[in-house]
Every structure is written in structure tokens, then in C-alpha cells.
K.L.:
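This is the structure, below, for whatever I ask next.
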Amino acid sequence: MYDIVIIGAGIAGSFIARELSRFKLKILIVDRQNDVGNETTEANSAIIHAGYDAMADQLKGKFNAPGNKMFDTICDELDVPFKRIGSLVLGFNEDDRKTIQNLYNNGLKNNVPDMRILEKDEILQMEPKLNEDVVCALYAPTAGIIGAWEFAIASVENAMDNGVELELETEVTGIEKENFGYRIYTNKGEKDTKYIINCAGVYADVINNMVTEPYFSITPRKGNYYVLDKGLDLVNHIIFLCPTDKGKGVIITPTVHGNILIGPDSEFVNDKDSTATDVSGLRYVKERALLSSKAIPFNKVIRTFAGLRAHSDRNDFIIEEAKGAKGFINVAGFESPGLSAIPAVAQYVVNIMQKLTGGLIYKDNFNPRRRKTVCFNLLSDEEKKDIIKKNPMYGNIICRCETVTEAEIVDAINRNCGARSVKAVKKRTRAGMGRCQGGFCSPRVMEILARELGKDWTDIPYDSTKSYILTEETKRNQQDNDSKMGG
Amino acid sequence: MISYDIVVIGGGPAGLAAAIEARNYGVKKILVLERDKELGGILQQCIHNGFGLHIFKEELTGPEYAERFITELKSLKIDYKINTMVLTITKDKTIHAVNPKDGYMVIQAKAIVLAMGCRERTAGAISIPGTRPSGVFTAGTAQRYINVEGYMVGRRVVILGSGDIGLIMARRMTLEGAKVLCVVELMPFSGGLTRNIVQCLNDFDIPLYLSHTVTNIKGKDRVEGVTIARVDENRLPIPGTEIDYDCDTLLLSIGLIPENELTVKAGAQIDMRTNGPVVNESMETTISGVFACGNVVHVHDLVDFVTEESRRAGRSAAKYVQKKLVEDGNEFKIEALNGISYIIPQTVRIDNVDKSLDLYLRVRNVYDRVKLVIKADQETIKEINKRHMAPGEMEHIVLSKDLLQEKSFERLTIEVKEGI
């Protein structure tokens, strides 16, 4: 019997699990995917918004700015890449200036610190590659960029270090109310629990409807993105276009790893699994982005992707005990600024749990710090020298584009919440994330995964266990094995 | 700090030939650094034959071709390190490299030869719409899985791009029991060698669809199908021409990109047309004493030409170390005009040209019965009749030194002129 089962290991489920792992609770996280942070969390803008755009009377407005403030400490504890690079919302005419003034005023209501409205000269000084037609911009220095899936992975790892359990490829198929709480039916058996926290992203309504009458719905909003190669020196801040009636502005931003990310568009879709990129969406992103800067080198694109935001019909976060289902808490409609707000939201959820349980008891031995990961590429020459001496696997470069070593990959596999697939290694170490997109390193990553996990190459998937990479051994290899067996 | 006369970065066909040639020209301390676990580079996974017709006058497989150079390198006792990744090279020719055995190395060279080869263009680079399941491979990666690691990558295959690796892999996958449904080429002509189209597609009844592209990838976990469509003259898909294929694999052979991250970091000038460094007649980059050869400079279709070019680079590096290379004197630029996509080298110091100057170029389109017109400044100095030229086949032009020395000029241009 669990005290709490968290459904969904996206950013919400992951970080709430980590915050609840401070207390004496038996907690399980289940996710239908083969890795944590494998849906919306891995396909968004990875921005920690300053908090000026959400309305103060909404949960989005209430939690964004306070959440933003907490990231320095959290990312230090969890060893997650995070940079406060500041954001600019660009205005190109007097209508935009009004919008920007409104955003500024709203930001004041939300207690967003240090905002300023900049004029053309200062903007172009800060960002020389922007479109020279810019007239003004809202500058919010507290906005930041983060490694979004790293944040989820680190949160779950730290939660597991503190006793939380994780079950992947576990899909919830039904929930029954019981006198002790709930019985959750999954493809991997039943889980009994006193409380449930529903963090199921675009499926949060489906999960909710398993225990109570439908009272909200989640519609996925798809967004396409481009990822550009490193070393382009395009922009140094998060660049937004003014939101218009045609949609929220397309963003151009550096990533924490030095790539450029451009997107998203915004299209409501029916299919909750529809993360296919589409030509019209990508074209829209390109056209809009070129309004912000004409200098974008689209020939340096190394990847495109699309993600889904979980948009609720309440047009706000839904964070509450479900109507008609005691002990079942929804954390739903968690679209932007969900990532930015999650630290504050998690505290709010902890408070809900305090009330429901009549008081949670702190663990004595909670460790807020995740063991640091080594990023060989970022070490100084001296540090590189020393670390290879200690562990020669740091001298074996597996991913040449991102300079990822064998030691980093082995570590990523053998930690709590460790990598079980080629993509999981990619998310943790960046092997395969570079300009050759795993062309050279994927066979070697497979070799390491197979060795560390004691599996055959053919059993190493790209992502889910159904996403096989290799079908079988070649004829020649089979013959060799047969003759070995025969002899 | 370790020091060498010449450090060669890359132990594939280019690096091996350059190192051997430099040794044959009298340089003692030479080191080859190779990132893979064996020498030979991509040749080791090219188990088909057809290598060596120019250099050895016989048909070898890739590993056989490599082996000849590896054996020679070893018999000449040239130092090499495998599993060794170069992290940076600097303008003053210091090389930072790592491997598990020697750890972090700083190596000082008098001359450097860049021979890092190239990488494949990816699905991401061309933004194919659709899902991102497993089962999308670049042809070279699939080749490595099959020929080196011994695993099949799929059973029903569509290949996008008719570059040579794609063609070779169409045959290879067929021989391993897979069904190759078609090869789809965006351009109205193939980028591969004619002999590969005949031997790898026609002989196996694999259709080649020119002026087509992949417009959608389907499948959540593994590829379940792709859609192809005809493209118009602007290479945009024509609605209504879509054909769906059920397949579990999409191979991509959509171009190779010289791998020049080290070159750029060192500060050498890059030619936007080749994506490789600008080189002179000695295969020297814009950094004095840093030479380059093979696919890191421009993508070759035959390894034999890589060997020839790399021997030139090795010889020049040897001369540089021996201070026999003329650093100043008369210099002219070479420029690609109408119909030519690029020419190697981009600059020439005539004093370093021996008897003749070798030029390598690619044309932009398929041409039949045309002339290559070579001009020194405005004056035509040579015309070469060509029955057939295609972007997939590199052209080699030899100009005698005498011809180039008749007059002084600043700019040598080459263009395609219609009609013989």
C-alpha cells in the first residue's frame, strides 16, 4: 500500500515527487513512457518565464514569479543547467508598445522584479542581430533558460535517492475507489494507494474521469520547433515577439547547451499523442522568427520537433482535490508557465497534502542534493587531465559532436532513474544531441548500454521498448554463432 | 609536452596516405591520431569492391584498400594512436587530444595535416515532417551496424537520396534479406556514380524515383511508413502525387558534410561552397603549416582521388617542415563561374607547382556536350570539350605550369559553356 501514487513523470510529477520525498511517505511514480520527462517536458521552450504575462488573478500569475525565484537554489541542489539570461519582448509599432506597457503593468502586479522598457538603441546594443525595425522591448532580466528534461530526470533521481519508487512503461487503465483510498489498475498490475496526484499532462482529464464526473477537459496544443547548431552567436537573450491575436509570439532563444531554439507555433489538435512535425507549422515558425531577426541561419538546423501543451478549458492551471474524489489531486492544464511555476506549485501541493493527511512528518535524513554529474566538455584542461587519470573512461570520447565520454554514459545508466534506452542516454549526457544526430555514436552508445545492462544489442531500444533499432543479427554473424555452438 | 614534425589528424585513407608520403619525403617524426578503435576510417565498413582502380589498377574492397596503407604505415614505423580524440588545435599548431591510455595530451607539431573526413547529413538537417521514431538511419550508420557490428537495421526499406552510400546500401540490405522498396531522389538526376546505379539498383530491380522526396514519416515507436511525393522545379512537393509505403526503415543518403569543427576553431578560413577549408596548391589552409586533404576539404566520390590529394598534402607538409615550400611569390585565385559549384584549390602560388597543376571541380547540373572554359583574368587559356558531366562525378583538370607561367594574372576562372 502506497501513501501516494503520482501518475505522470513529467516536470510536475517529477518535482512534486521530489518535494514530497522530504516527508515520511511511501510514494510511487508511474509513467507510461520508458523514461521520465518524455512527453511535454522534453518538447517545450525550456524557459523559466519572468512572470509578467499571466494574469494576477489566475493560478498561472500567482505561481510563475514566485516559482522563478526558487530556481537558483533548486538547480544548484539538483545539478541542473540553468542560466538567467533575461528576456526581451520586441515591439515593432505603437500597438506593440501598448501591449508591452500592459505586460509591464501586469508584471508589476505579479511582483516581477527589475523589468524595464527599452528603446531601439539599447535593444540593438544588447542584441545586434535583431531586426533593426524594432522600436521598443520589455526587458525582464529574471527570465532564464533551463535543461527541462534534465530537471525532471534530476528531480526523480533525487526523489529516488530519498526513497521514492519509479515504475516506467506503466500505463494506468482504470482506478477504483476503495475504503483505504484507490486501487489503480495498470498494464503492470494493481497499485493500492491512499492518495493519488494526477500529473498526467495531456491525459489529465482522462485520468480524472476514471474517478469522478468529467469537470474539465484538456486539449493538446501542438507547437513545432527548430534546433540550430551550436556556436552561431545569434542572440544572447530569450527573444519574444509581441503576442497578437494570431497567437503567442514565436521565441528565439539560446539553450543552456549553446544551441539556438526557435518556436513554437500553436495549433489545437485532437490526438493526444500527435507530436509529428508538420510543414505548415514549421513554415509559420520560420516566417515569424524572421520578423525578430533576419540573420537566422536556417541552414544550420540540426533537428525539428513538435510538442504538446496541456491546455485546459479553464484556461488556467487546475491544482485542487478533484470534485467528488477525496484524496485525488489534479495538477492539470499545466501548460506554460508550468515549468516556471512548478517550484511554487509543488509547495502548494505539499500544503494540500498537509491538510488532507492532517500533517506530514519530515524525514531526518532527507538529502536535497543530487550527486553531481560530470560534463567532461565543460572541464578545464587541468580537470580533464586529472579526471582521466582517476577514471580512464573519461578519455574515451563516444559522442564527438558534444564531446561526451564513456564515463559519463556509464554514470547516466547506473544512477537512480538511470538510462535504459539510447534516447535516455541522449537526454542525460547529450550523446547524439549534436550536429550528426547520433550517426557516429549511436552504435557505441548501444554497445555501452548492452554491456552495462547485461543485454543483447537487439534488446536496446531507441526509446520505448517497442522502438527497436536492430532487427536481428546479419546472416554472417548468425553463421559464426552457429558454428561456434556446433564446435 | 610531446613534439612531432607532422601530426596527422585522422587515420582514414587521407591521413594514412599523407603520413606515408611525408615519411617517404624524409620526415622522421610523424604521428597519426585516429578517433576510432582501428585505422582505416570509413573504408573499414565499405566491404563492397571497386576501390583502387586508379591507384592499384585492381578492384579491392574498402578494408583491403585500407590494409595496404595500414601495412605500409606500420612497416615505415610511423607512430599512431587509436581511440584518440583531438579536442582542439591552435594556430601555433598545438594539439590537445585525449585517449584512455595516455590521458590528456598536449602535442606540439611543426606541421599539421587535417584529415578528419566528413559526416552525413541527417533527417533533422532537412526537416522531414512527421514523427521521430526509431528506424530512421543515415546510410553510413546503417552500414556500420550491418558490416562492422553484424546487425540488421530493418526489413522493409525506403531510401531517400541516391548518393553512393545509399545506392550501395540498397544492394547490401537486399543481399541481407531486406526488401528495398525504392530509392527516392529530390533532384532530377542521381548524385551517385553511374556504375552504382547499374550495379546496386538496376541489377536488383529497385526503382529509382527522381524528382521525388519524402513528405511524411509515420510511426510512434518504430517507423511504420513513409509518404513520398513528386517535387516541382523548386523542389517543393506537388499535392496529389503522394504515394504511401509501408516500411520499417528509412535510410538517408542526402549528402556528406566535411567535418571542420577543429578547422574552424583553429581559425582557418572555410569555403562556403565546399564546407571545407580554403586550400592552396599545396593543400595548405589559410593557416601556415596546417594542411588538409580528403573529405575534410571536399567530398570525393572515389577514394583513389583522396589518396592522390592526400599524397600531395603529405608531400607539401614535408616540404614545409624542411622549409622548402615557397611562402610568398606570385599567387592567383581560382574562381568557379557559370555551372561550376566549386574548384579545389582556391589559391595557387605558382612557385610551388611542380610541372603541372591539378584542379578538382564539380558541376552544378548534368551537362552533355559542353566546354569547360578556363580563363586567366579575361583571356581564355584553355578549353576542354566534355561529352558528359554530372554533379555526382568529380572532374579532374590538369594545367601545365608552362601554360600558367606565360603571363602573370590574378584570377583563374572556370566556367561551363554550352555546345562543343
Side-chain angles (χ1 to χ4, degrees), chain A residues 226-227 231 273 275-279 281-282 299 301-305 376-377 381-382 384-386 388-389 392-397 400-401 403 405-406 422-423 435-440 442-443 446-447 457-458 461-478 480, chain B residues 35-36 83-85 87-88 96 98-106 119-135 137-138 140-141 144-155 175-178 215-222 237 248-249 257 259 261 264-265:
Chain A
Y226 291 95
V227 184
D273 297 319
T275 55
T277 56
D278 61 89
V279 174
L282 286 169
N299 61 338
V301 168
I302 62 170
R303 179 84 166 167
T304 53
F305 66 85
F376 181 80
N377 198 18
D381 296 355
E382 268 319 298
K384 282 177 182 154
K385 193 183 283 178
D386 291 344
I388 301 173
K389 262 185 209 156
M393 280 197 282
Y394 281 108
N396 190 13
I397 309 285
R400 52 176 87 164
C401 302
T403 320
T405 65
E406 183 180 6
V422 171
K423 186 170 135 191
R435 52 186 75 90
C436 95
Q437 289 286 295
F440 288 112
S442 57
M446 284 186 80
E447 184 180 10
W457 281 48
T458 45
Y462 170 66
D463 185 6
S464 75
T465 44
K466 287 185 214 152
S467 65
Y468 63 92
I469 297 170
L470 305 173
T471 54
E472 67 239 295
E473 292 185 48
T474 55
K475 292 180 200 165
R476 177 56 204 269
N477 238 20
Q478 287 163 11
D480 285 355
Chain B
R35 55 192 161 197
D36 212 335
N83 291 321
T84 303
M85 185 66 132
L87 301 178
T88 47
H96 295 247
V98 294
N99 72 24
K101 199 167 113 232
D102 304 288
Y104 192 98
M105 292 171 278
V106 182
R119 63 167 177 271
E120 299 179 277
R121 277 182 92 200
T122 66
I126 59 168
S127 307
I128 303 177
T131 54
R132 294 165 299 287
S134 72
F137 299 89
T138 54
T141 302
R144 176 153 188 130
Y145 276 123
I146 296 170
N147 292 349
V148 178
E149 314 295 354
Y151 293 96
M152 272 299 273
V153 298
R155 296 193 178 96
L175 292 175
E176 280 294 337
T215 56
N216 194 19
I217 299 174
K218 289 171 278 189
K220 190 168 163 291
D221 300 300
R222 173 79 186 195
D248 60 17
T249 304
I257 304 165
E259 196 145 73
E261 280 63 39
V264 172
K265 255 201 264 176

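Every chain is numbered from 1, with letters handed out A, B, ... down the list of sequences.
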K.L.:
Check whether any side-chain heavy atom of D381(A) sits under 4.5 Å from a side-chain heavy atom of L87(B), and report yes or no.
P.N.:
no
K.L.:
Heavy-atom pairs under 4.5 Å with chain A: which of P129(B), P100(B), G135(B) has the most?
P.N.:
P100(B)
K.L.:
Roughly how far, to the nearest 0.5 Å, is OG1 of T458(A) from CE of M152(B)?
P.N.:
13.5 Å
K.L.:
If we define contacts as heavy-atom pairs under 4.5 Å, which of K385(A), K423(A), R435(A) has the most with chain B?
P.N.:
R435(A)
K.L.:
Select one option (side chain, backbone, both, neither) describing which atoms of T465(A) are under 4.5 Å from chain B's heavy atoms.
P.N.:
neither
K.L.:
Where on I128(B) is there a heavy atom nearer than 4.5 Å to chain A: the side chain, the backbone, both, or neither?
P.N.:
backbone
K.L.:
Which bit of S127(B) comes within less than 4.5 Å of chain A, counting heavy atoms only: side chain, backbone, both or neither?
P.N.:
both
K.L.:
Looking at chain A, which one of V264(B), T131(B), T84(B), T88(B) has the largest number of heavy-atom pairs inside 4.5 Å, strictly under?
P.N.:
T131(B)
K.L.:
What heavy-atom pair brings N99(B) and I388(A) nearest, and what distance separates the two atoms?
P.N.:
O-CG2, 3.9 Å
K.L.:
For E472(A) and R155(B), what are the C-alpha separation, side-chain angles and deciding distance, and is it a salt bridge (Lys or Arg N to Asp or Glu O under 4.0 Å)?
P.N.:
CA-CA 10 Å; E472(A) 67 239 295; R155(B) 296 193 178 96; 3.4 Å; yes
K.L.:
Where does R35(B) contact chain A at under 4.5 Å (heavy atoms): side chain, backbone, both or neither?
P.N.:
both
K.L.:
Check whether R303(A) reaches the backbone of G124(B) with its side chain - one donor and one acceptor, N or O, closer than 3.5 Å.
P.N.:
no
K.L.:
Heavy-atom pairs under 4.5 Å with chain B are the metric here; pick the option from T277(A), T275(A), I397(A) that has the most.
P.N.:
T277(A)
K.L.:
Does any non-hydrogen side-chain atom of V153(B) lie less than 4.5 Å from one of L470(A)?
P.N.:
yes
K.L.:
I'd like to know which of V227(A), N396(A), T471(A) tops the heavy-atom pair count under 4.5 Å against chain B.
P.N.:
T471(A)
K.L.:
Report the option among G231(A), G281(A), C436(A) that has the most heavy-atom pairs separated by less than 4.5 Å from atoms of chain B.
P.N.:
C436(A)
K.L.:
Between chain A and each of V106(B), I146(B), N83(B), count heavy-atom pairs under 4.5 Å; write down the option with the most.
P.N.:
I146(B)
K.L.:
Just by modelled atom types, is the S467(A) backbone N or O under 3.5 Å from a matching donor or acceptor in the S134(B) side chain?
P.N.:
yes
K.L.:
Would you indicate whether K466(A), at its atom NZ, is surrounded by more than 12 heavy atoms from other residues, nucleotides or ligands within a distance under 6.0 Å?
P.N.:
no
K.L.:
Please flag which part of E406(A) lies under 4.5 Å from any non-hydrogen atom of chain B: side chain, backbone, both or neither.
P.N.:
neither
K.L.:
Taking C-beta and beyond as the side chain, do F137(B) and I469(A) meet within less than 4.5 Å on heavy atoms?
P.N.:
yes
K.L.:
Report which part of N147(B) has an atom under 4.5 Å of a heavy atom belonging to chain A: side chain, backbone, both, or neither.
P.N.:
neither
K.L.:
Would the distance check show the side chain of R119(B) and the main-chain N or O of F440(A) forming a donor-acceptor pair, the cut-off being under 3.5 Å?
P.N.:
no
K.L.:
Atom OH in Y468(A), atom CG in D221(B): separation rounded to 0.5 Å?
P.N.:
10.0 Å
K.L.:
Nearest 0.5 Å please: distance from the CG atom of N216(B) over to the CG atom of D278(A).
P.N.:
9.5 Å
K.L.:
What part of Y226(A) is in contact with chain B, defined as an atom under 4.5 angstrom from a non-hydrogen atom: side chain, backbone, both or neither?
P.N.:
side chain
K.L.:
What class does the angle between the rings of Y145(B) and W457(A) fall in, given that below 30° is parallel, 30 to 60° is tilted and above 60° is perpendicular?
P.N.:
perpendicular
K.L.:
Let me confirm one number: the OH-CD distance from Y104(B) to E382(A), rounded to the nearest 0.5 Å.
P.N.:
9.0 Å
K.L.:
With a 4.0 Å cut-off on N to O distance, would you call E261(B) and R400(A) a salt bridge?
P.N.:
no
